[in-house]
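Below is one structure, written out as structure tokens, with a few remarks after it.
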Amino acid sequence: MTHASEEARPLARYISTTIPYVNAAPHVGFALELVQTDSLARYYRARGDQVRASTGSDDHSLKSVRAAALTGESVTAVVRRNSSAFRAQGPLLQARFDEFISTSGDLRHRPSVERLFRACKANGDLYRRAYRAAYCVDCEQFYRDEELEQGVCPEHGRATEVLEEENWFFRLSRYQEKLAAAIRSGTIRILPAARRQEVLSFVERGLSDFSVSRVASRAHGLGIGVPDDPSQVVYVWFDALANYLSVGGYGDPSAPCEWERVGRRVHVLGKGVLRFHAVYWPAILLSAGLPLPDELRVHGYLTLEGKKIGKSAGNAVDPRDLVRDYGATALRYYLLRHIPPFKDADFARQRLVEAHDSELADELGNLSLRVTSLVQRHLDGIAPALGEFAEREQQLEQIAAGLLARLDRHVGDHEFDLALDAIWELVRATNRYIDATQPWQLARSAITDAALRARLASVLAVGLAALHVLAACLAAFLPELAAKLSLALGRAVAPLALNSTSLVWHAPRGETLRPPEPLVPRIRERRSA
RNA sequence: GUCGGGAUGGGGGAGUGGUACCCCGUCGGGCUCAUAACCCGAAGGUCGCAGGUUCGAAUCCUGCUCCCGACCCCA
């Protein structure tokens, strides 16, 4: 056995969320992105890939300055508080990230931004240019003429003044052809296809250079200084996008960073920041001589009970409240199965509760309980071995065995709703199988009939095998529930590997089941008559 | 204004050429192992409107109506 080749498996996937501004606490919209991204990461880990999943916070936005001004806090206090609130989102939602990049707090970030800036500059893509535009002192930002109402700031209704300053600009125009080609060819795969078209037509309409720095004196101490030009700070978007490099150690030039080594680079993002990820970011990477992202998965936005959500709109619901009221599993389930992955949709608590109760509790939870109860009562709680497969068993086996290919396809296409639909076909088929075989009837005659006794054991073994398959499949999406199901079936941990969904593969092995109890208690008790 | 998305039975969603599908809800039945859960069946849709292509369209084309979004920022 050679020693040198015994390296760790190569990193197959880097998967990221965007890093949100921290001018306010997190809301459900970002929870959607976290849960989608986490499910993706967990799924590929279960399939045997080495995965690095990252999230973080963008601490250098001037919006935080305004948020602080409103409450009278210091900017650093606002940033620190909200950044840690975002950091807590992962554990809250059972979303497991390997990295959390805080752009102000993570020591790897600044050198990464600096190196990226220098790389673009060395390639001749950064230049200084005068910028002259209307400026609102209250907003502390520039406006284009068409955004103003007769020279008056739309936010504050006060007259703007014309200001001129020098900024660094990025030669985006130079990359138009390469970007168009990369997007058209699928080198950068953009999901859904409609978003790809959108970006493509934007690129083909012509790209103009964009500013990548601001005057430092107006930055309120936020941001990263432009290398060799202390009068400027790096523009917040250039800064924020670089977080995807910081994760992999790009700031340290002594070794190739992960971004360069990883098999696939996958970004999950909201439609509002598509342009930054599909145009500016790839152009910056091209300039710096770094590989392009491989996939951009663009989700839609949520409304909340029909109303627009916004960190600034004030109606944001704290995901902590949702988890407190319904549990992380219910929230994840609703977001994954009932929010279409790419489209705008309405988040409605009532539908969350209905989905949880009828699908998780009634269909899946009850299935688990009825099977384990039968095993407990008639087989002393010891999982029996599989017997001969007749037609019914073969039908169920077919559904189970075909599941993995469907999951691969749907997760590959970011269709979490369809992935869960596919899993639920097995849930429903297994309920039907139990109804059709009527193990409780078999048990009645089994006392005197050895053949029926064997048949009973076999039926319940099939039921248990199906539950094991379900636990394995659900681990990526509902990790806590999957673990609980595994435990109920007598296996200590949730299955990590998802190599097969065949019932035979997952056949019980004599485990001693736990005393049966409801797997998923209903949120809303249904008690009538 | 420019660009884009959507309109499917009471509610929410699938469905890009071949008898319209899933979940909830409603009604009826079965079962009784189970969280009054599970299973079966039924009612309910001219798939926004009008044309067109086609042997055949929710699905392709044209026009129209309505809703929403993006174009400054936003997950």
Side-chain angles (χ1 to χ4, degrees), chain A residues 17-21 23-24 26-34 36-37 55 61-63 86 139 141-144 146-148 154-155 192 194-195 197-199 201-202 205 236-237 268-276 298-303 308-313 337-340 342-346 348 350-351 353-355 357-378 415 417-418 421 424-425 427-428 430-444 459-460 463 516-522 525-529:
Chain A
T17 71
T18 55
I19 56 172
Y21 287 164
N23 62 327
H27 63 248
V28 261
F30 190 59
L32 173 69
E33 184 168 313
L34 285 170
Q36 287 188 348
T37 307
T55 182
S61 164
L62 284 178
K63 293 205 171 193
F86 275 97
C139 302
Q141 73 173 56
F142 286 98
Y143 283 100
R144 298 182 311 181
E146 59 267 32
E147 294 170 325
L148 299 174
E155 288 283 327
R195 295 288 173 207
Q197 290 309 323
E198 206 176 301
V199 170
S201 69
F202 173 75
R205 257 180 277 150
V236 68
W237 264 106
V268 178
L269 53 137
K271 62 179 186 173
V273 294
L274 174 59
R275 185 169 302 174
F276 295 100
V298 187
H299 65 252
Y301 281 167
L302 296 180
T303 51
K308 185 172 174 169
I309 308 178
K311 276 181 291 201
S312 28
R337 190 171 188 198
H338 294 288
I339 298 297
F342 299 119
K343 294 204 285 193
D344 291 355
D346 187 49
Q350 190 191 339
R351 264 180 267 127
V353 172
E354 282 169 3
D357 284 353
S358 77
E359 293 157 20
L360 281 180
D362 292 351
E363 292 186 318
L364 175 64
N366 181 57
L367 171 64
S368 160
L369 183 63
R370 65 199 299 218
V371 172
T372 52
S373 295
L374 287 160
V375 174
Q376 182 75 21
R377 182 176 310 177
H378 302 296
E415 297 164 336
D417 53 343
L418 300 185
D421 282 350
W424 247 255
E425 275 182 37
V427 172
R428 291 202 304 270
T430 308
N431 265 324
R432 260 181 263 126
Y433 173 77
I434 298 298
D435 277 298
T437 51
Q438 302 186 68
W440 54 92
Q441 288 291 357
L442 296 171
R444 256 167 228 168
V459 163
L460 294 180
E517 58 178 60
L519 181 71
V520 185
R522 295 179 62 101
E525 279 305 320
R526 183 183 287 191
R527 196 167 299 190
S528 56

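All figures in this text were calculated on a predicted structure; none of them were measured in a lab. We name chains A, B, ... by the order of the sequence lines, and we start the count at 1 in each one.
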With a cut-off of less than 4.0 Å, is there a side-chain N or O of [X] near OP1 or OP2 of [N]?
X        : N     : value
A:Trp424 : B:C24 : no
A:Lys343 : B:G12 : no
A:Tyr301 : B:G69 : no
A:Arg432 : B:C40 : yes
A:Arg195 : B:A70 : no

Who pairs with [N] - Watson-Crick or G-U, where each distance is under 3.5 Å:
N     : result
B:C21 : B:G13
B:C71 : B:G1
B:U65 : B:A7
B:A58 : none
B:A42 : B:U26
B:A36 : none

Looking for any heavy atom pair under 4.0 Å, which part of the strands does [X] touch: base, sugar-phosphate only, or nothing?
X        : answer
A:Pro340 : sugar-phosphate
A:Arg337 : nothing
A:Leu34  : nothing
A:His378 : nothing
A:Glu517 : nothing

Using the [atom1] atom as the reference point in each nucleotide, state the distance between [N] and [M] in Å, no decimals.
N     : M     : atom1 : value
B:G13 : B:C55 : P     : 37 Å
B:G44 : B:C66 : P     : 32 Å
B:A7  : B:G48 : C1'   : 5 Å
B:G29 : B:G18 : C1'   : 34 Å
B:G10 : B:C64 : P     : 28 Å
B:G52 : B:U59 : P     : 14 Å
B:A50 : B:A42 : C1'   : 35 Å
B:G30 : B:C68 : P     : 49 Å

Of the candidate nucleotides [options], which contains the atom at the shortest distance from the side chain of [X]?
X        : options             : result
A:Leu374 : B:C74, B:C33, B:C38 : B:C33
A:Phe276 : B:G12, B:C74, B:C71 : B:C74
A:Lys271 : B:C38, B:G69, B:C24 : B:G69
A:Arg444 : B:C38, B:C39, B:C33 : B:C33
A:Leu369 : B:U35, B:C38, B:C33 : B:U35
A:Arg428 : B:C39, B:A34, B:A75 : B:C39

Does A:Phe202 have A:Arg275 sitting over its ring (NZ/CZ under 6.0 Å from centre, angle to axis within 45°)?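 The answer is yes, since A:Arg275 meets both limits relative to A:Phe202.
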Relative to the ring of A:Phe30, is the ring of A:Phe86 parallel (under 30°), tilted (30 to 60°) or perpendicular (over 60°)?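 It falls in the perpendicular class, over 60°.
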